[in-house]
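Dumping the structure here so I can ask a few things about it.
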Amino acid sequence: MNTMREATEIRKLRLAILISGSGTNLQALIDRVQAGDLAAEIVVVAADRADAFGLKRADQAGIPHYVIDYAGYLGLTAETLADKHLPVDLVELEQRQKILKHPERAVRLQQLARLVAAEQELIAALELHRPDAVCLAGFMRLVTPYFLSHYNTAEEMRVLNIHPALLPAFPGRHGYEDTFAYGCKWGGVTVHFVDEGEDTGPVIAQAVYPIWPQDDVAAIRRRGLQLEYEIYAQCISWLAAGQIKMIRTSAGRKRVVISDPTYRSIMRDWLRQSLG
Ligand code: GRF
């Protein structure tokens with residue numbers, strides 16, 4: 001009997017969550033997992049700084065957590081870097097990456113080397129817990145093609161990010177501020193797969209919220225965050241259920257298609273929620 005039940009149970013998706021700050025998205029996922037609302041298990045949390053409040057949330061939930069001292073890695077001297085035997089061909093990696101914009105190639109190579117050194121430690125920590133997918137949730141660091149190649153294959157992308165704007169509008173670190181400063185009348189949030197660019201990967205889900213005349217940035221952030229929590233959890237459910245298909249457009253771009261029969265009603269719920 002037991003064996004049959006085990007065989008028919010859907011395997012839970014093993015998630016690694018990367019954070020830098022308060023970790024309210026992490027908390028929203030923890031809450032859903034604990035309530036049994038998400039076919040996933042958060043197996044590891046990692047932060048790029050020791051004072052990320054989200055680490056306390058992980059601790060409280062009994063989730064193994066790690067700090068990768070990015071500031072330390074990014075401050076490494078060229079000599080120390082040269083002594084580290086990085087597991088990559090930096091020149092080849094530099095040709096693939098689209099995140100570092102410094103005009104001098106030598107500088108980009110150094111920046112890449114520092115990031116790879118940090119990512120080497122990050123991957124080692126995550127791999128102790130064998131995640132199926134990695135969710136960036138307010139992780140304020142660029143990830144290189146070295147990191148991505150551990151999780152993405154030609155067919156499957158396994159690194160997700162939540163972005164606080166309606167991509168491709170307002171990529172970068174200040175989605176809410178940029179949306180507000182532009183004078184947008186609708187703002188949005190996006191979950192996308194991570195590729196070699198900054199916030200350029202295939203979009204999985206988006207939700208929009210109205211911006212009212214009396215709003216300020218704090219008000220739209222509050223509204224947007226509530227949607228972030230909903231859409232991130234939904235994307236993880238779709239991933240767990242195998243309902244995310246990737247197709248190629250004629251222009252060669254990867255495009256996500258969701259095969260959930262309740263898709264329209266989910267979209268309607270998000271819109272209703274944001275209109276209040
Ligand atoms: C969120 O707005 C997320 O979209 C962005 O960083 C913020 C993280 O917030 N990438 P929290 O740490 O989850 O509270």
Side-chain angles (χ1 to χ4, degrees), residues 15-34 38 40 42 44-61 63 65-68 70-71 99 122 133-143 147-148 157 159-182 184 186-195 197-211 215-236 239 270 273-274:
L15 299 179
I17 313 280
L18 306 191
I19 57 165
S20 296
S22 68
T24 62
N25 272 285
L26 166 65
Q27 188 64 55
L29 293 174
I30 291 173
D31 293 346
R32 283 163 174 78
V33 167
Q34 287 179 347
L38 199 57
I42 303 173
V44 56
V45 168
D48 65 331
R49 47 194 300 162
D51 61 354
F53 184 75
L55 289 167
K56 294 206 171 66
R57 301 179 190 273
D59 199 54
Q60 216 153 36
I63 301 167
H65 47 84
Y66 300 84
V67 176
I68 313 301
Y70 263 72
I99 47 173
L122 176 60
V134 180
C135 297
L136 313 187
F139 185 64
M140 305 306 272
R141 301 288 175 179
L142 299 169
V143 294
F147 181 83
L148 293 175
M157 301 181 88
V159 183
L160 290 77
N161 182 41
I162 177 89
H163 182 75
L166 201 62
L167 291 172
F170 313 123
R173 299 167 74 101
H174 305 291
Y176 289 120
E177 289 83 353
D178 294 345
T179 301
F180 185 75
Y182 197 87
C184 294
W186 289 86
V189 294
T190 303
V191 175
H192 63 94
F193 285 118
V194 179
D195 69 3
E198 190 181 1
D199 302 325
T200 54
V203 169
I204 308 169
Q206 292 183 306
V208 293
Y209 58 86
I211 299 175
D215 279 339
D216 56 14
V217 177
I220 72 162
R221 177 178 282 110
R222 271 197 302 277
R223 201 168 299 138
L225 275 169
Q226 294 307 317
L227 286 172
E228 289 190 28
Y229 308 150
E230 295 300 322
I231 77 170
Y232 217 172
Q234 184 60 63
C235 289
I236 291 164
L239 193 64
W270 291 344
Q273 171 183 331
S274 77

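One-based numbering, in listed order, for ligands and for the atoms of each. In this chain, residues are counted from 1 in sequence order.
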Discussion item. Restricting to non-hydrogen atoms, name the atom on S20 and the atom on D48 that form the minimum distance, rounded to 0.1 Å.
Written reply: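 Where S20 meets D48 most closely, the heavy atoms are OG-OD1, 3.0 Å.
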Worksheet item: Got P164 and R221 here, is their nearest side-chain heavy-atom distance under 4.5 Å?
Response: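 A side-chain contact is absent here, since even the closest heavy-atom pair is not under 4.5 Å.
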- Locate the shortest heavy-atom distance separating R49 from V67; write the atom from each residue and the value.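 Looking at all heavy atoms of both residues, the shortest contact is C-CG1, 3.7 Å.
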If we only count heavy atoms from C-beta on, is the I236 to V191 side-chain gap below 4.5 Å?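 Counting from C-beta outward, I236 and V191 never come under 4.5 Å.
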(request) Show the numbers, then the answer: is there a salt bridge (charged side-chain N to carboxylate O under 4.0 Å, His left out) between R32 and E230? (result) CA-CA 10 Å; R32 283 163 174 78; E230 295 300 322; 2.9 Å; yes
For this session: Please check if the side chain of R223 supplies one atom and the backbone of P210 the other of a donor-acceptor pair under 3.5 Å.
Result: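 Present.
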For ligand 1, output the ligand-protein N/O contacts shorter than 3.5 angstrom; if there are none, return none.
unit_1: ligand 1; atom_1: 2 (O); unit_2: E228; atom_2: OE1; d: 3.4
unit_1: ligand 1; atom_1: 2 (O); unit_2: E228; atom_2: OE2; d: 2.9
unit_1: ligand 1; atom_1: 4 (O); unit_2: E228; atom_2: OE1; d: 2.8
unit_1: ligand 1; atom_1: 4 (O); unit_2: E228; atom_2: OE2; d: 3.1
unit_1: ligand 1; atom_1: 10 (N); unit_2: I162; atom_2: O; d: 3.2
unit_1: ligand 1; atom_1: 12 (O); unit_2: S22; atom_2: OG; d: 3.4
unit_1: ligand 1; atom_1: 12 (O); unit_2: G23; atom_2: N; d: 2.7
unit_1: ligand 1; atom_1: 13 (O); unit_2: T24; atom_2: N; d: 3.2
unit_1: ligand 1; atom_1: 13 (O); unit_2: N25; atom_2: N; d: 2.8
unit_1: ligand 1; atom_1: 13 (O); unit_2: N25; atom_2: ND2; d: 3.0
unit_1: ligand 1; atom_1: 14 (O); unit_2: S22; atom_2: OG; d: 2.7
unit_1: ligand 1; atom_1: 14 (O); unit_2: T24; atom_2: N; d: 2.9
unit_1: ligand 1; atom_1: 14 (O); unit_2: T24; atom_2: OG1; d: 2.5

